[in-house]
Amino acid sequence: MEKAKTKKTKPERSNLVAFLMLIIVIGLFFLLIDEYQKQPLQAQVYIQAGHEGRIFGKTGSVSKYGREINWTKIVADEATRILRNAGVSVIRAPADQKRVSIVKLALSIHFDGNKKACQTGASIGFNHASDKNAARAWRRLYRQTFPFKWMPDNFSKNLKYYYNYRYTQVSDAELVLELGEITCPEQARWMKPRLKELGALVAYFAAKRVGASGVKNPIFY
Ligand SMILES: [Zn+2]
């Protein structure tokens, strides 16, 4: 009787062992995929279109002139196109690419929005003293073109503590570029027909920062 008992339980136990092994193998497989996705990406420039890819939560400002989420994409795509044509490698990121990018320069494109129109204008966000040089250079450049007001650097928490800083490791700078206020009629009317030129200006700036030649300073009409 004793012997028969042990014989009966054996196949069940080996089934259990096989099942557990399978679970472990599947688990390891997913762990490996996860590890791979955590591997940092590398390029010269990182360009993020603010809010891109989101369907709820922080989907960006909206006014009768347009949606920020659409505008950031136009600017980021044009900047990326021009930079790649000039031989500059670009990581083109949406709002939530939760993967570290190692680059020289990281730029996140945004447009500001306010309940009370025309409270703000263009501004820059950054979180490290080493970003200041590039921030100053961008202001100097964009000031020649953007005919409206500027806010102080990091004037809002969203600029100073931008959630995406943790995903970019830079040797030059990581900046949030607020290109103007989409809810301010005079600013929005100026920006709307110039989104591609704004992309070209971002490309010109980025190329200069990474030492690439062949990207022209665009002419604004
Ligand atoms: Zn935004």
Side-chain angles (χ1 to χ4, degrees), residues 45-81 83 90-99 101 103 105-128 131 134-135 138-139 141-143 145-168 170 173-203 205-206:
V45 178
Y46 172 99
I47 296 180
Q48 181 193 46
H51 310 278
E52 187 185 37
R54 289 189 181 154
I55 46 172
F56 53 82
K58 291 189 172 178
T59 54
S61 304
V62 180
S63 77
K64 71 172 191 177
Y65 303 97
R67 295 168 57 92
E68 181 189 1
I69 196 169
N70 297 333
W71 287 18
T72 58
K73 181 179 166 25
I74 295 169
V75 174
D77 282 348
E78 181 67 358
T80 301
R81 187 187 68 78
L83 285 167
V90 179
I91 295 167
R92 170 66 179 80
D96 297 296
Q97 176 167 288
K98 290 178 176 156
R99 195 164 169 185
S101 291
V103 293
L105 179 72
L107 303 172
S108 295
I109 308 298
H110 282 265
F111 294 87
D112 217 339
N114 290 292
K115 277 184 188 150
K116 244 180 115 187
C118 306
Q119 292 297 292
T120 59
S123 61
I124 306 168
F126 54 85
N127 70 341
H128 202 270
D131 301 318
W138 170 252
R139 196 185 311 102
L141 179 68
Y142 193 32
R143 209 171 227 164
T145 307
F146 183 71
F148 307 100
K149 74 171 160 186
W150 280 79
M151 302 304 288
D153 292 344
N154 289 326
F155 82 98
S156 72
K157 279 187 178 171
N158 277 339
L159 290 173
K160 195 173 181 186
Y161 305 106
Y162 190 57
Y163 73 97
N164 203 61
Y165 290 141
R166 82 186 75 159
Y167 296 113
T168 50
V170 297
E174 49 192 348
L175 305 175
V176 179
L177 305 181
E178 295 272 6
L179 298 177
E181 195 197 297
I182 197 170
T183 44
C184 181
E186 51 176 352
Q187 294 185 39
R189 277 197 294 263
W190 181 85
M191 292 186 289
K192 192 174 180 164
R194 295 177 174 84
L195 294 172
K196 283 203 170 182
E197 283 91 338
L198 291 176
L201 192 68
V202 169
F205 172 71

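We count ligands from 1, going down the list as the structure has it; atoms in each ligand are counted the same way.
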Closest [X] atom to the Zn ion (ligand 1) [N, O or S only]:
{"X": "E68", "result": "OE2"}
{"X": "H51", "result": "NE2"}
{"X": "H110", "result": "ND1"}

Does one side chain, of D131 or Y165, offer a donor that lies under 3.5 Å from an acceptor on the other?
no

Practice item. Assess D112: does it contribute an N, O or S atom lying under 2.8 Å from the Zn ion (ligand 1)? Key: no

The complete set of side-chain hydrogen bond (donor to acceptor under 3.5 Å, both in side chains) pairs with one or both residues in residues 112-127, sequence neighbours excluded, reads D112-T120, N114-T120, N114-E181, T120-E181

| Is any side-chain N of the basic residue among K58 and E68 closer than 4.0 Å to the acidic one's carboxylate O? | no

Report task. May I ask you to say whether E186 pairs ionically with R189, meaning some side-chain N is under 4.0 Å from a carboxylate O? Result -> no

